[in-house]
Participant: 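Following this message is one structure expressed as structure tokens.
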Amino acid sequence: MQKPKAIFCWSGGKDSAFALFKVLREQRYEIVSLLTTLNKNYKRISMHGIREALLDSQVEAIGIPLVKVWVTGSSNEEYERQMEQQLLGFKNQGVNHIIFGDILMLPNWMCRRL
């Protein structure tokens, strides 16, 4: 039986790493990609400020492809626009699940069914 396809929103932090570990161990989903937002100006993960070079090392060690979403941090609307565009691209690839491993609440627009 084919597993449902999912993307994993990767923040680079310990909660994200632990959640990914649990998801991979359960083997319920096919994780097709990690997804991370980075600030264009600082070249760091938006959530934790982790440098892009460290992110690249994390992803290499994990062995799952990464999609980077670049934002300037100028507005939440920009973030929502960029993320919606990326998520619709995943939807077109048959991905219907998004997994988060952070403790922050999701914006309402992300709670809609893809």
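Numbers here are sequence positions counted from 1.
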Participant: Excluding sequence neighbours, so at least two apart, what forms side-chain hydrogen bond (donor to acceptor under 3.5 Å, both in side chains) with Ser33?
Facilitator: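 Not a single residue meets the side-chain hydrogen bond (donor to acceptor under 3.5 Å, both in side chains) criterion with Ser33.
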
Participant: How many angstroms lie between atom CG of Leu87 and atom CD of Gln82, to the nearest 0.5 angstrom?
Facilitator: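 Spacing of CG (Leu87) from CD (Gln82) equals 11.5 Å.
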
Participant: Roughly how far apart are Ser16 OG and Phe100 CZ, rounded to 0.5 Å?
Facilitator: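 Rounded to the nearest 0.5 Å, the OG-CZ separation comes out at 10.0 Å.
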
Participant: Under the rule for side-chain hydrogen bond (donor to acceptor under 3.5 Å, both in side chains), what residues qualify as partners of Ser57, not counting sequence neighbours?
Facilitator: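 Ser57: no side-chain hydrogen bond (donor to acceptor under 3.5 Å, both in side chains) contacts found.
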
Participant: Please enumerate all residues that pass side-chain contact (heavy atoms from CB on, under 4.5 Å) together with Leu24, with sequence neighbours excluded.
Facilitator: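 Checked Leu24 against side-chain contact (heavy atoms from CB on, under 4.5 Å); matches are Leu20, Ile31, Ile64.
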
Participant: Give every residue pair that meets the ring pair (Phe, Tyr, Trp, His ring centres under 6.0 Å) criterion with at least one member in residues 37-76, sequence neighbours excluded.
Facilitator: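 Output for this query is empty, none listed.
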
Participant: Taking all non-hydrogen atoms of both residues, which atom of Ile45 and which atom of Gly12 are closest, and how far apart?
Facilitator: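 Heavy atoms only, the tightest pair is CD1-CA, 4.2 Å.
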
Participant: Do Phe90 and Val67 have side chains that approach each other closer than 4.5 Å (heavy atoms only, starting at C-beta)?
Facilitator: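 Yes - at least one pair of side-chain heavy atoms lies under 4.5 Å apart.
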
Participant: Roughly how far apart are Gln58 CD and Leu66 CG, rounded to 0.5 Å?
Facilitator: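 One gets 9.5 Å once the value is rounded to the nearest 0.5 Å.
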
Participant: Within the 4.5 Å heavy-atom criterion, are Val59 and Leu34 side-chain neighbours or not?
Facilitator: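 Result yes, sub-4.5 Å side-chain heavy-atom pair found.
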
Participant: Please find the pair of heavy atoms, one from Ala19 and one from Gly101, that lie closest to each other, and give the distance.
Facilitator: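 For Ala19 versus Gly101, the nearest heavy atoms are CB-CA, 3.5 Å.
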
Participant: Please find the pair of heavy atoms, one from Lys43 and one from Lys40, that lie closest to each other, and give the distance.
Facilitator: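 The answer is NZ-O, 3.0 Å.
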
Participant: Can you sort out the partners of Asp56 under side-chain hydrogen bond (donor to acceptor under 3.5 Å, both in side chains), two or more places apart, ordered by chain and number?
Facilitator: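 Result, side-chain hydrogen bond (donor to acceptor under 3.5 Å, both in side chains) vs Asp56: Lys68.
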
Participant: Taking the side chain as every heavy atom from C-beta outward, state whether Cys9 and Ile98 have any pair of such atoms under 4.5 Å apart.
Facilitator: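 Yes, their side chains come closer than 4.5 Å.
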
Participant: Sub-3.5 Å donor-acceptor pair from the side chain of Asn39 to the main-chain atoms of Thr72, do we have one?
Facilitator: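 The answer is yes, because a donor-acceptor pair under 3.5 Å joins these two groups.
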
Participant: Enumerate the residue pairs fulfilling ring pair (Phe, Tyr, Trp, His ring centres under 6.0 Å) with a member in residues 6-32, sequence neighbours excluded, ordered by first and then second residue.
Facilitator: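 Only Tyr29-His97 qualify under ring pair (Phe, Tyr, Trp, His ring centres under 6.0 Å).
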
Participant: Less than 4.5 Å apart, any side-chain heavy atom of Leu38 and any of Glu52?
Facilitator: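 Answer yes - side chains close enough.
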
Participant: Give a yes or no on whether the backbone of Val71 and the side-chain of Glu78 come within a donor-acceptor separation of less than 3.5 Å.
Facilitator: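 Judged by distance alone, no pair lies under 3.5 Å.
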
Participant: If you round to the nearest 0.5 Å, how far is NZ of Lys5 from CG of Asn96?
Facilitator: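 Reported to 0.5 Å precision, the distance equals 9.5 Å.
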
Participant: On a heavy-atom basis, which atom in Lys3 and which in Glu30 lie closest, and how many Å separate them?
Facilitator: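 Smallest heavy-atom distance, with atoms named: CB-N, 3.8 Å.
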
Participant: Is the shortest heavy-atom distance from the side chain of Leu35 to the side chain of Gln86 under 4.5 Å?
Facilitator: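 Result yes, sub-4.5 Å side-chain heavy-atom pair found.
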
